Amino acid sequence: MLVLGIESSCDETAAAVLADGRRILSNVVASQDAIHAPYGGVVPELASRRHLEAIVGVVEKALADAAVRLGDLDGIAVTQGPGLVGSLLVGCSFAKSLAYVAGVPLVGVNHLEGHIYAAFLTDDPPVHPFLALVVSGGHTALYHARAPRKYALVGETRDDAAGEAFDKVAKLLGLGFPGGPVIERVARSGDPVAIAFPLAQMTDQASDFSFSGIKTSVSYHVKRHAPLAEREVADVAASFQAAVVKMLVRRTVKAALRLGVKRVVLTGGVAANGPLRAALAAEAADHGLTLHIPPPWLCTDNAAMITAAGTVRLAAGERAPLSMNALADLPLAG
Ligand code: KG4
Ligand code: ZN
């Protein structure tokens, strides 16, 4: 089964062709980082405009790299949401036109399910049921993946997404955008126990996350000690990263034990973070949990993951009508 997938939910214009939802024949990602960097965050208007400019070339390249013609496709998958509505609309409209012209079925994919399916593109795919921690720039949530296409929401952030916290703290420290990779790099020369940034406690035992308290503490610390020397910036970056990692790892392992699941998937842009990968691997091993983490290039936004999730839905007979609409808040599970 040959499927073309298109992703445009945020600031990456991406297209991929997969065989049988597993074999990546092509995977093209056009990043807009340079466009948004001067603003320290994604500017929605600029993002949708850039998607419009890039999408034809990106899809053509994905087809050419895979040596596949439109007529060879068995289906097209596109990110329907969640994401920036103007950005999503570019991908959805383009995918609908292509599906109509090529006369092939179309399916809408939830971006978060896409992130989870990145784990199925490795040599060691997870087996259902499993717990998935999706940590990205827009979302931080735990899903119980009971069976293919069946998800239950276990916990989510009550304020910022983890990636958003990385981006905001990087901005505070004057480190640039996107914040995750640059904080990880700067933190390497810092001391992760230099500053104890407090973790929010959940009084109701929920498997939820909270990052705004950590972010506010960083902001106070930076104001109190301004101007920060290079060494101090590294210590703040390392201590902030350690606090975020601790929050993510603790809540995830606790939820896995409470639910009695044996397998955990870590995915989404923030899952590219080395210390997070290492810390969750260590905790998972200590508790007898099997951990699946896609390689970093599959953790950040890409279309291969969307195509993998879409192939499962197409194979199950799901079809999106040409009236399908982009949904900025599309939920994966209630
Ligand atoms: O999944 P993604 O590519 O896009 C969304 O769906 O949001 O995630 C982007 C987020 C950004 O906030 C970025 O700072 C963060 O992932 N990120 C990282 C790393 N690489 C990307 N955060 C921490 N460490 C990284 N190495
Ligand atoms: Zn994403």
Side-chain angles (χ1 to χ4, degrees), residues 5-14 16 27 29-33 36-37 39-42 44 47 51 79-84 87-88 91 109-119 132-141 143 156-157 160-173 175-188 190 192 211 214-215 237-238 240-249 265-280 293-306 308-309 328-330 332:
I6 297 174
E7 152 66 33
S8 71
S9 66
C10 190
D11 61 340
E12 257 91 36
T13 320
N27 186 33
V29 182
S31 167
Q32 302 180 0
D33 281 354
H36 303 291
Y39 305 94
V42 178
H51 283 305
T79 306
Q80 188 183 1
L84 301 170
S87 291
L88 290 164
V109 172
N110 184 297
H111 181 79
L112 305 177
E113 183 178 46
H115 274 303
I116 293 172
Y117 267 82
L133 170 61
V134 184
V135 258
S136 72
H139 297 86
T140 296
Y143 292 100
E156 63 187 331
T157 181
D160 293 345
E164 195 180 353
F166 269 98
D167 294 337
K168 286 178 178 169
V169 165
K171 199 171 177 179
L172 267 171
L173 294 173
L175 293 174
F177 174 85
V182 65
I183 289 206
E184 179 173 0
R185 181 163 44 75
V186 169
R188 275 188 208 124
F211 300 98
I214 304 174
K215 182 193 66 191
F240 160 76
Q241 179 175 258
V244 172
V245 166
K246 201 183 271 181
M247 163 81 62
L248 291 168
V249 170
V265 166
L266 169 64
T267 189
V270 181
N273 185 271
L276 172 61
R277 300 166 76 94
L280 190 55
I293 319 179
W297 60 275
L298 282 172
C299 286
T300 49
D301 283 353
N302 64 83
M305 68 187 199
I306 301 300
D329 300 316
L330 182 69
L332 179 57

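Values below: every heavy atom of this structure, side chains too, minus hydrogens, waters and symmetry copies. Just follow the structure's listing: the first ligand is 1, and inside any ligand the first atom is 1. No experiment lies behind these values; they were computed from the predicted model shown. Count residues from 1 along the sequence.
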Write none if no such pair exists; otherwise list each N/O atom of ligand 1 with its protein N/O partner under 3.5 Å and the distance.
{"unit_1": "ligand 1", "atom_1": "1 (O)", "unit_2": "His115", "atom_2": "NE2", "d": "3.1"}
{"unit_1": "ligand 1", "atom_1": "1 (O)", "unit_2": "Gly269", "atom_2": "N", "d": "3.0"}
{"unit_1": "ligand 1", "atom_1": "1 (O)", "unit_2": "Asp301", "atom_2": "OD1", "d": "3.1"}
{"unit_1": "ligand 1", "atom_1": "3 (O)", "unit_2": "Asp301", "atom_2": "N", "d": "3.0"}
{"unit_1": "ligand 1", "atom_1": "3 (O)", "unit_2": "Asp301", "atom_2": "OD1", "d": "3.4"}
{"unit_1": "ligand 1", "atom_1": "4 (O)", "unit_2": "Asp301", "atom_2": "OD1", "d": "3.2"}
{"unit_1": "ligand 1", "atom_1": "4 (O)", "unit_2": "Asp301", "atom_2": "OD2", "d": "3.0"}
{"unit_1": "ligand 1", "atom_1": "6 (O)", "unit_2": "His111", "atom_2": "NE2", "d": "3.1"}
{"unit_1": "ligand 1", "atom_1": "6 (O)", "unit_2": "Asp301", "atom_2": "OD1", "d": "3.2"}
{"unit_1": "ligand 1", "atom_1": "6 (O)", "unit_2": "Asp301", "atom_2": "OD2", "d": "3.4"}
{"unit_1": "ligand 1", "atom_1": "7 (O)", "unit_2": "Gly137", "atom_2": "N", "d": "2.8"}
{"unit_1": "ligand 1", "atom_1": "7 (O)", "unit_2": "Gly138", "atom_2": "N", "d": "3.3"}
{"unit_1": "ligand 1", "atom_1": "8 (O)", "unit_2": "Gly137", "atom_2": "N", "d": "3.4"}
{"unit_1": "ligand 1", "atom_1": "12 (O)", "unit_2": "Gly163", "atom_2": "O", "d": "3.1"}
{"unit_1": "ligand 1", "atom_1": "12 (O)", "unit_2": "Asp167", "atom_2": "OD1", "d": "3.4"}
{"unit_1": "ligand 1", "atom_1": "12 (O)", "unit_2": "Asp167", "atom_2": "OD2", "d": "2.8"}
{"unit_1": "ligand 1", "atom_1": "14 (O)", "unit_2": "Asp167", "atom_2": "OD1", "d": "2.7"}
{"unit_1": "ligand 1", "atom_1": "14 (O)", "unit_2": "Gly180", "atom_2": "N", "d": "2.9"}
{"unit_1": "ligand 1", "atom_1": "20 (N)", "unit_2": "Gly269", "atom_2": "O", "d": "3.4"}
{"unit_1": "ligand 1", "atom_1": "24 (N)", "unit_2": "Asn273", "atom_2": "ND2", "d": "3.0"}
{"unit_1": "ligand 1", "atom_1": "26 (N)", "unit_2": "Glu184", "atom_2": "OE1", "d": "2.8"}

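The only member of Cys10, Ser31, Ser136 that meets side-chain contact (heavy atoms from CB on, under 4.5 Å) when paired with Asp301 is Cys10.
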message: With side-chain contact (heavy atoms from CB on, under 4.5 Å) as the criterion, how do Gln32 and Ser87 come out once you've worked through the C-alpha distance, each side chain's angles and the decisive distance to 0.1 Å?
response: CA-CA 12 Å; Gln32 302 180 0; Ser87 291; over 6 Å; no
(request) Please report the C-alpha distance between Ser8 and His51 in whole Å, then the side-chain angles of each, then the deciding distance to 0.1 Å, and finally whether the side-chain hydrogen bond (donor to acceptor under 3.5 Å, both in side chains) criterion is met. (result) CA-CA 7 Å; Ser8 71; His51 283 305; 4.8 Å; no
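The count of protein N, O or S atoms under 2.8 Å from the Zn ion (ligand 2) stands at 3, with waters excluded from the count.
The side-chain hydrogen bond (donor to acceptor under 3.5 Å, both in side chains) search around Gln241 returns Asn273, not counting sequence neighbours. Applying the side-chain hydrogen bond (donor to acceptor under 3.5 Å, both in side chains) test to Glu184 and every residue at least two apart in sequence or in another chain returns nothing.
Taken to the nearest 0.5 Å, the CG atom of Asp11 stands 8.0 Å off from the CG atom of Leu84.
Counting only distance, with no hydrogens or angles, the side chain of Asp167 and the backbone of Pro178 share no donor-acceptor pair below 3.5 Å. Distance alone, capped at 3.5 Å, places no donor-acceptor pair between the Thr140 side chain and the Thr157 backbone. Using a distance-only test at 3.5 Å, with no hydrogens or angles considered, no donor-acceptor pair links the side chain of His111 to the main chain of Gln80.
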